[in-house]
Amino acid sequence: MTDRLSYILTNYRKVSALLALVLLILMLAFSKPPVIDSRLSGYNIDHNPYDSIGQRMASLFGSKNIIQVLVRPEPGSARNLFTGLYEAEKAIEEAFPGTRVESLTSARRLLAGGADVDRPVREMLTEALRIPVAGNLVSRDTNSLLLVAFTGQSEDPDLGRFDSITGLQFTGIESMHPISQYHIQEEIEKAIIRDYLIILPLILLFIIVFLFLSYRSPSAVLFCMINLGLSVVPVIFFLTLFGVSINQVTSSAIPIVFILSLSSSVHLVTGFIHRAHEGDLNSRVFSTLRYYIAPTFLSSLTTAIAFGSFFLSDSNYIRQFGRVTACSVLVVFILTYLVAPLTLRLIDVRRAPLLKFRFTDAIREKLFSGRKEIALTLLLIAGVSIFLIPGIKFRTNLETYIPRHTAAYDNTLLMQEAFHSLAEIDILVEPGRDAVADSSENLSGLLIPAVAGFSETIALYPGVASVQSVSDQMEFEQSRTLFGIPAVRFPRQGNPYVSEDREKYRINVKLKGQEDIGAVTERMAQDFRKYEPSLTYGIYSEFLMFDYISTSVTRSLLRSLLFSAILIFLTFFTITTNIRAVLASILANLVPLGFLILIFVVFKVDMNITTSITLVICLGLIVDDTIQILYRRVRLDEPMEELGFGVLTTTLIMAGGFLSFLLSQSRPIQIFGLLCAIVFLIAAVSDMTIISWLVENREKGTSRKTSAAASKGLA
């Protein structure tokens, strides 16, 4: 089959190249420029318990679509600060009709003397810190305060215009720093564009330089560049076909397919140059295709299986990424081998009769000479890593997804510094199904004491910084009475802690740190039992919601890892039909995954969406070298010189390409690139030492048995 296909491609090279051209034209005709989607909601999964509660609370208490502005006041009088806040609120509301702005100006009548008293800002902020609702707007160190804009719009606001307003100089205000989900999404979009404009050209430059050093042939570099150009088109086509946008996950599809297509090109160039002794050009092309088409197809298939297994993921972003990448990898293989019979002839044999990059050859020789010692060392380290698996932590930090060195990231850090932690929990308390609802008075008599008692209990938890609820407002009203009548009344409509029908209550819990969320929620579940079943409660937190998403997606990706691993190792058995060789290949591929476990534990890298994606992708990519070695070394029984050079060349290029991801502003992309580079390097060493050593032992054992049998026969 392989010989016949190679013969057809070699002798009908112009027809195959024309077919590739037709495929490219058709894909381009049905392709559209991809749209960038920077929303974090694409990570979401179905039936997320926190999402539904969050939406209910947003509709009940008006906390949806907000932009927070950290205000740094100038040293001076509180009167000047209030003047500046009035000016800023008016400017925002005029620029964005329908937007409601809240700040300390709403609490001016609750302050002693109102807003007109000429007193120091710090003194006024210290007083405001003790006032319900208003206290949430003041930082713990009383050096800053919040201005919150409720946009209430379905469309994203004009952030450029909003930021230009907050960048103006207002009376009594030193600086203003806005932050919102819109700002984070805008920075993600900019980071994706920046990565494409910087990282892809750098990968291309690195590839060109390394290929030239490896082959010393401009025509060999040209051959690889042609195939790289072909690899971009299928990705754009499948993005269009599946209606997928470029986001933080799918943005990696183009670089990954870009680098993968190079692997096939490098093996073809290496094989073609090593056959320089064959005088007939047709025979040389045929021989090259014949040796590489089968293992390259199998490696492309296993890679596609790994990416295709993402259909088991709960996240829409990851499913999209898997579909696009899997289909693109297979189409790139087809295009490469349709064009290769014609483009291989472009390589100038006279200028590249031998492989001259001594760096790669030196590494290959070192690995082969010490393969037993290196193999045993790798297996020992991988074996130790098994005992470290319980030390892996499943956790996602929401801030990880904010691009570094951006205004959104800096403002997030400023917000954390001012308010200690952005981690908070909102609790929705409402009547249970069995509650008696004869009148609002009965409900109030049931709900208000429960909310007050539960709030007091939560405030005693070690990880809690503060608790706000309607009970704080009631206590404040009772402390400000005139002849027994409250002099202050909090609003009965638009109150952030009680619904208009007075049947749903919100408790806001601010935590000292994100790490305290788990312990706090566990204790809340225990302490609320005494109010059940008359009352029920639900909780919402952006940190909890995203951690739930991360944990669910990570588990689904680990299912993908197991699914793809089974199919990949079945492919190994199909190639060799030799149990020992299959076990050797399994060990060789478990070693880099064992090193990943070691990295997770030693460097305290959390298992989350990014790292679990990396595991599956790495498994799909590292088997490329394994399949090449199994096919050539075990099935065809050929020496490793030619293949070793090709494996190391592709590994070094892939590692260098993924290391360039460190230049990204996106932390997940940086982690992904670094882990992939490390895994590829370890996998190449593992494949070239463990497989060759174990196969060599098998051959020696077979040879000794044959010699012994022959001796007995002679005897």
Side-chain angles (χ1 to χ4, degrees), residues 49-68 89 93 96-110 131-137 146-154 424-455 458 467-481 485-510 528 531-542:
Y50 300 107
D51 189 43
S52 58
I53 294 175
Q55 291 180 8
R56 280 196 68 204
M57 296 185 75
S59 62
L60 288 170
F61 307 109
S63 57
K64 189 177 182 181
N65 299 337
I66 65 172
I67 300 177
Q68 298 184 84
E89 290 176 17
E93 289 173 348
F96 299 91
T99 296
R100 178 171 58 90
V101 182
E102 296 284 350
S103 72
L104 280 184
T105 59
S106 303
R108 62 191 182 279
R109 61 188 178 84
L110 303 179
I131 298 176
V133 183
N136 289 340
L137 300 175
L146 281 180
L147 180 149
V148 183
F150 296 85
T151 65
Q153 300 174 358
S154 57
E424 62 181 17
I425 302 172
D426 281 320
I427 306 170
L428 176 63
V429 180
E430 56 188 328
R433 293 181 179 179
D434 300 332
V436 178
D438 297 319
S439 65
S440 59
E441 291 182 2
N442 288 341
L443 281 177
S444 296
L446 178 68
L447 282 162
I448 293 177
V451 169
F454 195 40
S455 299
I458 295 172
V467 180
Q468 297 282 339
S469 69
V470 73
S471 61
D472 300 303
Q473 299 177 12
M474 296 175 66
E475 289 176 7
F476 189 83
E477 288 176 353
Q478 293 170 4
S479 67
R480 301 283 183 96
T481 59
I485 302 173
V488 175
R489 282 284 188 182
F490 283 89
R492 295 306 186 248
Q493 291 185 344
N495 192 311
Y497 295 104
V498 58
S499 63
E500 292 187 11
D501 61 6
R502 315 293 290 176
E503 294 184 4
K504 286 89 176 174
Y505 288 79
R506 170 176 170 251
I507 303 174
N508 177 256
V509 182
K510 295 191 182 299
F528 195 82
Y531 303 110
E532 295 173 339
S534 298
L535 301 179
T536 63
Y537 86 105
I539 59 175
Y540 172 77
S541 168
E542 286 190 356

With sequence neighbours excluded, residues passing ring pair (Phe, Tyr, Trp, His ring centres under 6.0 Å) with F454: F528

Nearest heavy-atom pair of I539 and I425: which atoms, and what distance? CB-CG2, 4.0 Å

List the atom of Y505, the atom of I448, and the distance in Å for their closest heavy-atom pair. OH-CG1, 3.6 Å

What pairs with A452 under side-chain contact (heavy atoms from CB on, under 4.5 Å), at least two apart in sequence or on another chain? S471

I need the minimum non-hydrogen distance between G538 and I53, along with the two atoms involved. CA-CD1, 3.8 Å

Pairing residues for E430 by the side-chain contact (heavy atoms from CB on, under 4.5 Å) criterion, not counting sequence neighbours: R56, L428, K504, T536

Please enumerate all residues that pass side-chain hydrogen bond (donor to acceptor under 3.5 Å, both in side chains) together with Y531, with sequence neighbours excluded. none

Treating T99 as the side-chain partner and E93 as the backbone partner, does any N or O pair qualify as donor plus acceptor under 3.5 Å? no

Test side-chain contact (heavy atoms from CB on, under 4.5 Å), reference S469, set I507, V509, I427, output is I507

Test salt bridge (charged side-chain N to carboxylate O under 4.0 Å, His left out) applied to E102 - qualifying residues, sequence neighbours left out: R100

Roughly how far apart are I66 CD1 and L146 CG, rounded to 0.5 Å? 9.0 Å

Interatomic distance, S455 atom OG to Q468 atom CD [nearest 0.5 angstrom]: 9.5 Å

Applying side-chain hydrogen bond (donor to acceptor under 3.5 Å, both in side chains) to T105 and not counting sequence neighbours gives E89, S103

